[in-house]
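Single-structure report; data block below.
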Amino acid sequence: MAVTNEKSVSEAIHYRRSVRVFKNEALDELKVKECIKLASLAPTSSNMQLWEFYHIVSPSVIQQIATASFDQNAAKTANQIVIVVARKDLWKNRQQSNLAFLKLQYGNKPEVEYTKREQFALNYYRKIVPTIYIDFLGILGRIKYLAFQIIGLFKPIYRQVRASDMRIVAHKSAALAAENFMISMSAIGYDTCPMEGFDSSRIKKIIQLPASSEINMILGCGIREENGVYGERFRIPFKEVYFKI
């Protein structure tokens with residue numbers, strides 16, 4: 001869907017604020033959906049795309065989510081809500097999807113005809129991804145972690161192989177997608193508020209998420225009221241967070 005008069009990237013970033021109070025004004029569902037599509041173009045570790053997006057437009061469901069979000073104004077006054085969910089548990093599905101895509105790109109040919117680069121890409125998903133993601137009650141993760149630390153004494157090696165590490169990886173990718181969504185919304189003059197204060201168990205029941213999923217972020221969506229932004233933007237001086245080496 002083409003949107004006219006979009007802000008530039010810089011303009012959208014400066015325009016974006018965490019809006020706590022929204023007007024009683026409807027958003028175009030298709031435009032919000034398009035922003036979610038743009039969210040799905042965010043970079044993601046190993047292209048695994050371990051995320052899902054839930055677009056909540058039902059007023060009754062929004063009310064339930066607001067209650068489970070401690071009745072925050074950003075949830076209570078939202079016209080729509082988008083929930084970004086991390087799905088580390090779907091890694092096998094995503095692994096197979098990547099393999100199928102690569103084989104489609106490389107053409108239907110015998111294994112011996114793959115180039116070294118093609119074979120490396122296929123082996124990455126066949127061998128390396130399972131090595132990193134397979135775990136059993138955290139035990140295998142600890143064993144892999146110790147083994148990789150020992151190997152790391154002699155050469156550079158990937159060290160984040162525990163279940164907790166891969167959980168962080170999935171959430172990092174999901175957060176990148178959430179930022180894509182918020183900037184895309186800002187570009188068309190829509191507002192958002194990322195929320196972390198909520199009862200995750202209740203939210204999962206409301207939108208029927210499996211126990212193995214994890215909610216990364218809940219985003220209230222709407223048009224900002226005049227009092228919707230609580231004060232001027234504050235940031236630590238840039239010189240305190242910028243380091244040139």
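These figures come from a predicted structure and were not determined experimentally.
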Crowding at [atom1], [X] (>12 non-hydrogen neighbours, <6.0 Å):
X	atom1	result
Glu111	CD	yes
Lys239	NZ	no
Gln208	CD	no
Phe120	CZ	no
Gln105	CD	yes
Lys33	NZ	no
Asn227	CG	yes
Arg202	CZ	no

Main-chain N/O of [Y] paired with [X] side-chain donor or acceptor, under 3.5 Å:
X	Y	result
Glu6	Ala187	no
Arg233	His14	yes
Tyr190	Asp28	yes
Arg20	Tyr230	no
Glu113	Pro110	no
Arg17	Gly231	yes
Lys144	Ile132	yes
Ser186	Tyr15	no
Asn98	Asn47	yes
Gln80	Leu27	yes

Report whether [X] and [Y] are members of the same hydrophobic cluster (ILVMFWY, side-chain heavy atoms less than 4.5 Å apart, transitive linking).
X	Y	value
Ile56	Ile203	yes
Val85	Phe53	no
Ile215	Met195	yes
Phe198	Leu219	no

I want to check something: taking the side chain as every heavy atom from C-beta on, are [X] and [Y] in contact at a cut-off of under 4.5 Å?
X	Y	answer
Leu90	Glu52	yes
Ile168	Lys172	yes
Ile128	Asn123	no
Pro210	Arg87	yes
Trp51	Gln49	yes
Pro130	Trp91	yes
Met185	Cys221	yes
Asn79	Glu25	no

> What is the ring orientation for Tyr114 with Tyr106, classed by angle as parallel under 30°, tilted 30 to 60°, or perpendicular over 60°?
Replying inline: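 Ring orientation, 0 to 90° scale: perpendicular.
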> Can you tell which of Glu214, Met166, His171 makes a side-chain contact (heavy atoms from CB on, under 4.5 Å) with Lys88?
Replying inline: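 Passing option: Met166.
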>> By the definition side-chain hydrogen bond (donor to acceptor under 3.5 Å, both in side chains), identify the one residue from Lys23, Arg224, Arg16 that meets it with Asp191.
In response: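 In the set Lys23, Arg224, Arg16, the residue that makes a side-chain hydrogen bond (donor to acceptor under 3.5 Å, both in side chains) with Asp191 is Arg224.
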If you take all heavy atoms of [X] and [Y], which pair is closest and at what distance?
X	Y	answer
Thr44	Leu50	OG1-N, 4.4 Å
Ala121	Leu102	O-CD1, 3.9 Å
Phe181	Ala39	CB-CB, 3.8 Å

>> Do Ser10 and Ser8 pair up side chain to side chain, a donor and an acceptor below 3.5 Å, judged on atom types alone?
In response: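 No, because no side-chain N or O of Ser10 sits under 3.5 Å from a partner of the opposite role on Ser8.
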